[in-house]
Amino acid sequence: MTTEEQIQRITDIAQEKGWSVNAEDKNETRVLFEFQRYTKYGQDFLFNADMQGEDIDSLIASVKEYYEGFDPDYEAYLWIGDDGHGKNGAPYHIKDIVADMEDAEEQIYELLQAFEMEFL
C-alpha cells in the first residue's frame, strides 16, 4: 500500500468514527495527522499523531501514546475559569466539563481500536 493509499484508508476509518482528518506529508519519512471532532457539549477537540515512513504501526503507537497520556481531569481543569465554572465555551458546570473530556477520551479509544482492528 502506498503512502497515499495509507493516508486515504486512515482518513476513511477516522471519518467513519466521526473525526475530521488533515494529513500533512512533512517529508518523505513522516506524515502528521490531525484528528478533530466536536465533543457532545460542542467543544472543538483535536489531537495530532504521526506516522513514520509508511509504518502504520508507528501511527497506531502515536495514537496509543496520546490516549494513554490523556487525563480527562487535567483537560477539564484547563476549561475552568476563575469563578469555578466553564470558560471559553465550555459547559458551565465542572461535572459537565469532566464528562465531556471523559467522552473525548472514549472517542480517542474507539479510534485507536478501529486502527488496531484494521491494521494489526
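To the nearest 0.5 Å, the span separating CD on Gln52 from OG1 on Thr29 amounts to 6.5 Å.
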Residues Trp19, Phe47; criterion ring-ring contact (aromatic ring centres under 6.0 Å, His included); working and verdict: CA-CA 11 Å; Trp19 294 86; Phe47 74 96; 5.5 Å; yes
From CA spacing to verdict: side-chain hydrogen bond (donor to acceptor under 3.5 Å, both in side chains), Asn22, Gln36: CA-CA 8 Å; Asn22 182 33; Gln36 184 271 332; over 6 Å; no
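Residues Glu105 and Tyr109 bring no donor and acceptor atom of their side chains to less than 3.5 Å of each other. In the model, Asp100 has a side-chain atom that pairs as donor or acceptor with a side-chain atom of Gln43 under 3.5 Å.
Using a 4.5 Å cut-off on side-chain heavy atoms (C-beta onward), Ile56 and Met51 make contact. At least one side-chain heavy atom of Asp12 sits less than 4.5 Å from a side-chain heavy atom of Gln8.
Taking the ring centroids of Phe45 and Phe70, they lie under the 6.0 Å cut-off. For an aromatic pair to be called close, the ring centres must be under 6.0 Å apart, and Tyr41 with Trp79 fails this.
In terms of heavy-atom proximity, Ala104 sits nearest to Thr39 at CB-CG2, 4.4 Å.
In the displayed structure, Glu110 atom CD is contacted under 6.0 Å by more than 12 heavy atoms of other residues, nucleotides or ligands.
Other cluster members for Met117: none, since no ILVMFWY side-chain heavy atom sits under 4.5 Å from it.
Electrostatic pairing of Arg30 and Asp50 counts as a salt bridge here, judged by a charged N lying under 4.0 Å from a carboxylate O.
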